[in-house]
Each structure stands twice: as C-alpha cells, then as structure tokens.
Amino acid sequence: MSDKHDWQRMEKIVSLCKRRGFIFQSSEIYGGLNGLWDYGPLGVELKRNLKNYWWRVMVHERDDVVGMDGAILMNRAVWRASGHEDTFSDPMVDCRTCKVRVRADQVIEKKGVQQCPNCGGKDLTEPRAFNLMFKTYVGATEDEPSVTYLRPETAQSIFVQFKNIFEVSRKKLPFGIAQIGKAFRNEINPRNFTFRSREFEQMELEYFCRAEEGMKLLDYWLAERLKFYENIGIPREKLHARQVPDKERAFYSKGTYDIEYDFPFGQQELEGVAYRTDYDLLQHQKASGKSLEYFDEETKRKFIPHVVEPSAGVDRTVLALICQAYAEDKALDEKGKMETRVVLRFHPRIAPVKCAVFPLLKNKESLVTKAKEIVDVLRPNMTVFYDESGAIGRRYRRQDEIGTPFGVTVDFETLGEKDRALRDTVTLRDRDSMKQERIAIQDLSAILRERIR
Ligand code: ATP
C-alpha cells in the first residue's frame, strides 16, 4: 500500500479513537449525523492541550497579541459585508438518476460527457451555487429580517471588534488579535473522519500591520507556524508549505500559503496563512459607515491597517497529532513473549494523560497508600491516571495505547523493605524507550513538569 493513501492505517486509527474514548460519532445511538463528532474523555484533553499551547505561544508569550472570544451568531450585515452571503459557496450538481448531490469539480468527464461519480448517470443538473453557511432565525418569528447564520469562520468577529480592542489595548502596529472558537460549514461531502466536518473549531490570529510590512510578515508567520507544529511533535518532513497559485487565491490576497500534512489519506491542509491586505476592514468600514482607520503617531497618517492571517483548524490538527503518534512496535508481554504493541507517541506537551501511577500489587495496602499519595502530589500540576488492576505489563500497555508518556511504579523498594537507600524512590518508565529509571519521590513532580512543559 502506498504511503500516501494508507487506508488500513486510517481504519486502525479510527477504531482506536472509538475504543479508547478519543472521538465518537455524534448522536451515535440514533445512527449519527454526517460530519459531526463528539470528543470523549481523552479527546477533550488532547484538544485542550493543543488549544492551550496555541494560546500560550500566540498570546501569552507575546507583547503584540491579545485575545478575544466572540459570539457565534452575529448581525447578518457582517456576512453581507464580508462577502460570505453572496460568495461562500461551492458550485453543486445534482444527479437526477441516483439523487446524489456532488461538488461540480467532482463530476467525471468521459469522452466529453459529464457523468455522476456515484452511479455513472449522465442526467445531471447545471451547477448551482450552494451556500455553505447554516441559516437560522433570531427571535420568535421565522421571517426574512430575522435571518442570520452560524459563523463559518471566527475571523469576522475580530475584524468588527478591531477598533474596540485596539483602543482598550493601547498597542501600536503591528498588533494582533487571536481567537479560538467554533465554526460551522454545511460541507457537501464531509469525509476523512474529522478532517472535513460540519462543525469544527478554528484557532485564528489576525495580525494587523502597515501595507509595506505585509509580505515580510507573511513569511514571518509561515515560519512561526511551521515551528509550532514541530513543537507539538509533527516533524518538518511531514509538513508542506504550499504557495497557493494566483488563480486559486482570493482576489484580495497578495500571498497565501497552505500548511499541509501527510495524512494517511493524502497531503491535506492544516492551516492557511494569508496576507489579506486591507480588504476585510475596508469592507466593514464601507458597510457599517464606522471608521476603522488607525492613526499613526509617528507619521501622523490615518489609514486602514493590512492584515496577515494564520488560520488553523483544531480538529484537523488533533487528527494529524493522532495520525502522527500512532505506531506499532514489539514489546515483551508478562510471560516474556514478544507481542505487537500499539502506542501513541504523543509529544508529552500534548499527551492527554501525562503520568500513570501504579502500585505493584493492589492487595498490599502500604503500596496502594504510597501510590495514592504520589497521585495527590502530582495532580495539581498534570493529568494523572491511577491504575491498580491487572499485571503491571498489561497496565503499561493500556497507557501506551493512549499515549501516556510516563509511568510511575511503587514497588517494595519504595517501602525500603529490601534496601533502605531506595526508600521513597519509584521507577519512572518512559513510554517510547520503555526504559526505567529510579527517582526519589520528592524530585518526581519537578522532573515531570520539566518534561511536559
Ligand atoms: P478546505 O479547502 O479544506 O475546505 P479552506 O481553505 O476552506 O479548507 P479556510 O477557510 O482557510 O479553509 O479555514 C481555515 C482552517 O479551518 C483550515 O485550514 C482548516 O484547518 C479549518 N477548516 C476549514 N474547514 C473545515 C472543515 N470543514 N472541517 C474541519 N476543519 C476545517
């Protein structure tokens, strides 16, 4: 099987996600709803770790970026001004034979005749625009004036709050506003597990600047964003910075890169980094009649700032992290026989559970008490899983499968029964090398904190 489309690997990943509680189909007991997913106990931790790390490097560790959290529903005028109401659509074709609706670019052409990719039927409608926004009504009456949409991207609330945030933050250009939040698109063909969903989360930064800085900042943000993915465990060789050609780019953009990842189902987009010029603020200034200009103290000039936008998908990145982490190797089982080990090699920074704590035996009270004390010491600083059931090898294996990077075992040496010098020490096992080191309990928290930072 080619490395580019490894469906077998993808199937294993999807089944592991369900079996271990990362991702479930939404409304599963009712047959699900296409393109919608729920994150289980481990999935939600993974997702939070990703979002927290993004927020940390994009907002907290910078002087020039602040955050916001906007409403999902906005005045319809926003979507008119941004162009989404008129143009946020894919041209669609209906097959009159099998009734399937497909994107016009997916129609097959054989000997100059257009055919349905599903049934091969030739009776197709003309392409029609299909708006990707979910329409809804605000208030008691379902009439035209109360129409609005679930936001298809988070960026617009940043643009329309630009002036307010700018004034309260007392910053100078270049200056950014970051937001993480839900977005909704009525995708025609949701597919590849969570990759193309109808409800998803975005992590977006709008970085406002002077026109002359735009192109340089586009390159700067591309480099920063590539570094980000490497820092969460995605190797550079699996990432691709694709320069979007003129004909694919939005007309107002002077340059766009797609950051793509080698998924088992092919090379696909994780994030877009786009230099959007002054298009968005200009549109909102024109439509609202409110000035969105910036007054430059140095030059005493007034102008509409330009913007560079790194826009990433939370769900797509979570999927990339799981795909990247999934590995099978060999390890000894309890009886000393080699077996296949499934392991998620998450970077410790984003692993859902950081450390598992095991008493060697569950019916030896002094071991259990000590193990629980360790859990209490670690818990304020990290996610910890306590497990006392089954053979120790099996317990390690369960943690390997969910990607827990560290395992702490409390054994008889911890109690100092054999060698007093080892009293109050534990074994610390590394998930990837499976090597164990002996560590003093009092040093454990600091050592682990350093490794999961
Ligand atoms: P695509 O071409 O794959 O539809 P896009 O270019 O329309 O994506 P953008 O509008 O640039 O996507 O949105 C920014 C980011 O939001 C994307 O890079 C992606 O990570 C995420 N995203 C967009 N649509 C979806 C979706 N349907 N499901 C999950 N994530 C999405």
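In each ligand, atom 1 is the first atom listed, and ligand 1 is the first ligand listed.
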Worksheet entry | Donor + acceptor pair across side chains of T404, K354 (<3.5 Å) | no
Worksheet item: Tell me: protein heavy atom nearest atom 13 (O) of ligand 1, and distance?
Response: Q202 NE2, 3.4 Å
Item to complete: Look at the aromatic rings of F193 and W37 and report parallel, tilted or perpendicular, splitting at 30° and 60°.
Response: perpendicular
Worksheet item: Which residue owns the protein heavy atom closest to atom 29 (C) of ligand 1, what's the atom, and how far is it?
Response: F195 O, 3.2 Å
Practice prompt. Verify side-chain hydrogen bond (donor to acceptor under 3.5 Å, both in side chains) between Q106 and N189, making sure each step is shown before the conclusion.
Written response: CA-CA 11 Å; Q106 290 172 343; N189 299 314; 2.7 Å; yes
Item to complete: Within a distance under 4.0 Å of any heavy atom of E271, pick out the atoms of ligand 1 and give their elements.
Response: 18 (O)
Discussion item. With a 4.5 Å cut-off on side-chain heavy atoms, are F130 and R101 touching?
Written reply: yes
Response to the item:
of all protein heavy atoms, closest to atom 28 (N) of ligand 1 is S197 N, 3.0 Å
Discussion item. Quick one about T154 and E204 (side-chain donor to acceptor, distance below 3.5 Å, no hydrogens or angles considered), yes or no?
Written reply: yes
Discussion item. Yes or no: does D315 have any heavy atom under 4.0 Å from an atom of ligand 1?
Written reply: no
Worksheet item: Should the ring pair F228 and Y53 be called parallel, tilted or perpendicular, given that the plane angle runs from 0 to 90° and is split at 30 and 60?
Response: parallel
Fill in: Pairwise side-chain contact, I13 with C323, heavy-atom cut-off 4.5 Å (strictly under)
yes
Item to complete: Answer with yes or no after comparing the ring centroid distance for F263 and Y261 against a 6.0 Å cut-off, counting only values under it.
Response: yes
Discussion item. Classify the ring geometry of F22 against F346: parallel below 30°, tilted from 30° to 60°, perpendicular beyond 60°.
Written reply: tilted
Worksheet item: Judging by distance only, is a nitrogen or oxygen of T194 under 3.5 angstrom from one on ligand 1?
Response: no
Worksheet item: Considering only protein heavy atoms, which is closest to atom 22 (N) of ligand 1, and at what distance to one decimal place?
Response: F200 CE1, 3.5 Å
Item to complete: Please write down residue, atom name and distance for the protein heavy atom closest to atom 14 (C) of ligand 1.
Response: S311 OG, 3.0 Å
Worksheet item: Closest non-hydrogen protein atom to atom 19 (C) of ligand 1, residue and atom name please, with distance?
Response: R316 NH1, 3.4 Å
Item to complete: Examine the proximity of ligand 1 to R185 and report which part, side chain or backbone, both or neither, has a heavy atom under 4.0 Å away.
Response: side chain
Discussion item. At under 4.0 Å between heavy atoms, is it the side chain or the backbone of R196 that contacts ligand 1, or both, or neither?
Written reply: both
Practice prompt. Please determine if G313 has a nitrogen or oxygen closer than 3.5 Å to a nitrogen or oxygen of ligand 1.
Written response: yes
Item to complete: Just let me know how L270 lines up against ligand 1, side chain, backbone, both or neither, with a heavy-atom cut-off below 4.0 Å.
Response: backbone
Worksheet item: At the 4.0 Å heavy-atom cut-off, does E269 count as touching ligand 1?
Response: yes
